[in-house]
Novice: 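Sharing a structure below in structure tokens format, with a few things to ask.
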There are 2 protein chains.
Amino acid sequence: MIVPLAEKSAHLMEKVVLTYGTFDLFHIGHLSLLQRLRRLGDTLIVGVTTDEFNAHRGKASCTPYSERIQIVESIRYVDRVIAMERSDQKADDIWRYKVTILGMGSDWTGQLDALRSLCEIVYLPRTEGISSSRIRDALCAGNGLPPR
Amino acid sequence: MIVPLAEKSAHLMEKVVLTYGTFDLFHIGHLSLLQRLRRLGDTLIVGVTTDEFNAHRGKASCTPYSERIQIVESIRYVDRVIAMERSDQKADDIWRYKVTILGMGSDWTGQLDALRSLCEIVYLPRTEGISSSRIRDALCAGNGLPPR
């Protein structure tokens with residue numbers, strides 16, 4: 001069967017977007033980032049940090065990995081979820097999943113530039129005034145989130 | 001055009017499931033409930049409580065309505081989101097959306113039985129050990145959630 005060139009090119013040019021995160025206390029900032037990343041391509045793969053990886057880097061989430069991945073998997077903009085177990089797995093993932101774009105929040109600006117030889121790197125603005133830490137802090141202060 | 005009877009019946013028997021909630025600090029208990037409700041039918045409609053309605057009944061959420069509905073809308077098991085503005089809107093919604101099943105968590109057991117003449121009422125078990133209040137309490141205690 002002869003595949004028309006246009007169709008073949010379209011297939012070859014399928015854009016795979018990859019991102020990573022902990023996604024603790026799933027909030028509007030997470031959702032907005034995933035929505036915008038999905039719009040950059042055709043498929044969005046999300047690496048969710050394992051509890052062991054978080055412990056290794058001295059961080060803890062309120063919700064366990066098993067729950068965080070289920071929530072991220074249930075978001076309609078997400079096509080595939082993988083485990084993030086090591087900080088040095090990004091290059092392997094880019095090769096394995098034929099990633100076109102690695103996209104992270106702007107708190108990562110510059111930190112992944114070493115991977116520019118492998119794929120496009122984009123840093124997207126974070127949602128102003130929201131983060132898992134801020135929710136935790138505001139809740140611990142017992143006064144809910146201040147109005148935004 | 002003559003529509004085969006089987007096809008016609010299948011269409012007429014489309015099951016619409018309706019539920020209501022605040023969905024503050026979206027967690028695995030919310031997700032599990034939405035997943036199980038969706039499996040009961042063909043379409044899942046979710047009524048999300050407005051901030052005004054919550055204030056009226058003396059409750060407050062950490063996250064505003066505008067964010068809570070966006071997160072619920074992004075869950076792949078949810079087909080439509082509506083506002084829940086009054087406690088007495090359920091009968092109207094059942095008529096308007098041709099609801100087959102009204103499904104709520106088991107904390108509501110018995111409380112909606114008066115609507116059984118309008119549609120089927122089901123109360124599904126809640127996920128053990130998780131609730132928005134429990135997350136808030138655990139975070140306020142500053143020690144995260146206890147292991148489950």
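Letters A, B, ... are given to chains in the order of the sequence lines, protein chains preceding strands, and every chain is numbered from 1.
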Novice: Which residues in residues 76-83 of chain A have any heavy atom lying under 4.5 Å from a heavy atom of chain B?
Specialist: A:Arg76, A:Tyr77, A:Val78

Novice: Can you tell me if A:Asp24 uses its side chain to pair, donor with acceptor, with the backbone of A:Cys62 under 3.5 Å?
Specialist: yes

Novice: Would you say B:Asp51's side chain and B:Pro64's backbone share a donor-acceptor pair under 3.5 angstrom?
Specialist: no

Novice: Heavy-atom distances under 4.5 Å only: say whether A:Ile75 touches chain B with side chain, backbone, both or neither.
Specialist: both

Novice: Do B:Val17 and B:Arg38 touch side chain to side chain, with heavy atoms closer than 4.5 Å?
Specialist: no

Novice: Would the distance check show the side chain of B:Arg68 and the main-chain N or O of B:Thr49 forming a donor-acceptor pair, the cut-off being under 3.5 Å?
Specialist: yes

Novice: For residues 114-125 of chain A, pull every pair meeting salt bridge (charged side-chain N to carboxylate O under 4.0 Å, His left out), keeping only residues two or more places apart or in separate chains.
Specialist: A:Asp113-A:Arg116

Novice: Indicate yes or no: at least one non-hydrogen side-chain atom of B:Leu124 is less than 4.5 angstrom from one of B:Leu33.
Specialist: yes

Novice: Can you tell me how the ring of A:His30 sits relative to the ring of A:His27, calling it parallel under 30°, perpendicular over 60° and tilted otherwise?
Specialist: parallel

Novice: With a 4.5 Å heavy-atom cut-off (strictly below), which parts of residues 84-110 of chain A touch chain B? List them by number.
Specialist: none

Novice: Quick one: are A:Thr22 and A:Asn54 in side-chain contact, heavy atoms under 4.5 Å?
Specialist: yes

Novice: Hey, mind stepping through A:Phe23 and A:Val46 against side-chain contact (heavy atoms from CB on, under 4.5 Å) and telling me if it holds?
Specialist: CA-CA 10 Å; A:Phe23 301 97; A:Val46 182; 3.4 Å; yes

Novice: Among residues at least two apart in sequence or on other chains, which ones pass side chain to side chain contact (heavy atoms under 4.5 Å, CB included) with B:Glu52?
Specialist: B:Thr50

Novice: Measuring heavy-atom distances to chain A, does B:Ile71 have an atom under 4.5 Å in its side chain, in its backbone, in both, or in neither?
Specialist: both

